[in-house]
Amino acid sequence: MARLRAVSLRVTRPRLAVLATLHDHPHVDTETVIGLVRASLPTVSHQAVYDVLRALTDAGLVRRIQPAGTTARYEARVGDNHHHVVCRVCDAIADVDCAVGPAPCLDASDDRGFLIDEAEVVFWGICPACAAQRSREEQRVRKAHR
């Protein structure tokens with residue numbers, strides 16, 4: 001409640017539900033947020049959730065991310081310069097803290113005169129679950145060809 005009031009937003013049940021959802025389920029898309037919010041507020045509309053996400057993002061309480069080729073996702077972790085790692089197979093997303101100190105990646109080799117205040121880095125790879133599945137499939141193929 002205090003977070004909403006601190007940014008001059010009215011405290012409403014949909015706003016509280018969306019914030020709670022994003023704290024418990026980071027990196028979810030809008031449809032997932034709607035489904036999770038409806039578990040506690042069955043009558044909330046799609047439009048209400050879209051409006052809440054926009055208001056919370058505009059107020060800086062929520063961060064919208066959209067790695068290339070994926071749908072927009074939302075997270076409640078704001079106020080730091082963390083990055084993300086995305087699985088190329090299942091689109092799972094996880095947070096990655098900056099490597100050293102406070103936002104070292106803000107020191108561009110050539111800032112071209114820009115006053116840089118944020119850097120967005122996305123690491124791509126294969127998550128542990130998909131890597132294990134791929135390994136099991138490769139083992140099955142090798143056994144089948146013996």
Side-chain angles (χ1 to χ4, degrees), residues 1-140:
M1 286 191 221
R3 292 179 60 207
L4 290 170
R5 288 186 181 118
V7 294
S8 301
L9 288 177
R10 284 185 318 117
V11 177
T12 65
R13 291 181 67 205
R15 286 177 179 164
L16 291 172
V18 168
L19 277 174
T21 295
L22 294 176
H23 277 284
D24 294 342
H25 305 278
H27 311 123
V28 290
D29 62 19
T30 306
E31 291 303 313
T32 303
V33 173
I34 292 168
L36 292 167
V37 167
R38 282 190 170 164
S40 61
L41 295 174
T43 61
V44 73
S45 69
H46 277 70
Q47 190 59 51
V49 173
Y50 279 100
D51 292 346
V52 167
L53 286 168
R54 187 175 319 106
L56 296 176
T57 301
D58 290 348
L61 295 178
V62 166
R63 182 176 176 190
R64 180 184 185 273
I65 61 170
Q66 188 168 7
T70 68
T71 60
R73 310 284 184 95
Y74 296 87
E75 65 180 346
R77 183 177 172 184
V78 296
D80 67 353
N81 194 42
H82 73 277
H83 308 298
H84 297 95
V85 59
V86 181
C87 180
R88 292 185 185 278
V89 178
C90 69
D91 291 333
I93 300 176
D95 290 335
V96 177
D97 291 329
C98 279
V100 180
C105 34
L106 292 182
D107 297 325
S109 60
D110 182 356
D111 63 20
R112 309 272 192 208
F114 283 70
L115 298 175
I116 298 172
D117 62 9
E118 182 179 0
E120 183 174 317
V121 176
V122 177
F123 299 96
W124 294 87
I126 300 175
C127 73
C130 290
Q133 177 65 29
R134 181 176 281 180
S135 177
R136 285 190 297 273
E137 290 171 5
E138 289 171 355
Q139 288 174 1
R140 275 195 294 268

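Predicted, not measured: the structure shown is a model, and the values here were computed from it.
Contacts of Thr32 classified as side-chain hydrogen bond (donor to acceptor under 3.5 Å, both in side chains), with partners at least two apart in sequence or in another chain: Asp29. Remark: Ala131 pairs with Ile126 by the side chain to side chain contact (heavy atoms under 4.5 Å, CB included) rule, at least two apart or across chains. Partners of Asp110 according to the salt bridge (charged side-chain N to carboxylate O under 4.0 Å, His left out) rule, which considers only residues two or more places apart in sequence or in another chain, are Arg112. In this structure, the salt bridge (charged side-chain N to carboxylate O under 4.0 Å, His left out) partners of Asp80, at least two apart in sequence or on a different chain, are Arg77. Contacts of Arg136 classified as side-chain hydrogen bond (donor to acceptor under 3.5 Å, both in side chains), with partners at least two apart in sequence or in another chain: Gln133. In terms of the ring-ring contact (aromatic ring centres under 6.0 Å, His included) criterion, residue partners of His84 (sequence neighbours excluded) are, by chain and number, His27, His82.
Taking 4.5 Å as the limit, every side-chain heavy atom of Val121 sits out of range of all side-chain heavy atoms of Val96. Between Leu22 and Val33, the closest side-chain pair of non-hydrogen atoms falls below 4.5 Å. Residues Thr71 and Glu31 are not in side-chain contact: their nearest non-hydrogen atoms beyond the backbone lie 4.5 Å or more apart.
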Using distance only, find each side-chain donor-acceptor pair of residues 52-59 under 3.5 Å and give its atom names and separation, not counting sequence neighbours.
residue	atom	partner	partner atom	Å
Arg54	NH1	Asp51	OD1	3.3
Thr57	OG1	Leu53	O	2.7

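The two atoms that bring Ala48 and Ser45 nearest to each other are N-OG, 2.9 Å, heavy atoms only. The two atoms that bring Pro67 and Ile93 nearest to each other are CG-CD1, 4.1 Å, heavy atoms only. Nearest heavy atoms, Cys127 versus Cys87: N-SG, 3.3 Å.
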inquiry  = Using side-chain contact (heavy atoms from CB on, under 4.5 Å), reason through Val62 and Leu19 one step at a time and then give a plain yes or no.
reply    = CA-CA 8 Å; Val62 166; Leu19 277 174; 4.1 Å; yes

Criterion side-chain contact (heavy atoms from CB on, under 4.5 Å) on Arg73 and Val86, from CA distance to verdict = CA-CA 12 Å; Arg73 310 284 184 95; Val86 181; over 6 Å; no

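Applying the side-chain hydrogen bond (donor to acceptor under 3.5 Å, both in side chains) rule to pairs touching residues 7-26 yields Arg3-His23, sequence neighbours excluded. For residues 59-71, the set of pairs meeting the salt bridge (charged side-chain N to carboxylate O under 4.0 Å, His left out) definition, not counting sequence neighbours, comprises Arg63-Glu75. Counting only residues at least two apart or on different chains, the side-chain hydrogen bond (donor to acceptor under 3.5 Å, both in side chains) pairs with a member in residues 34-43 are Arg38-His46.
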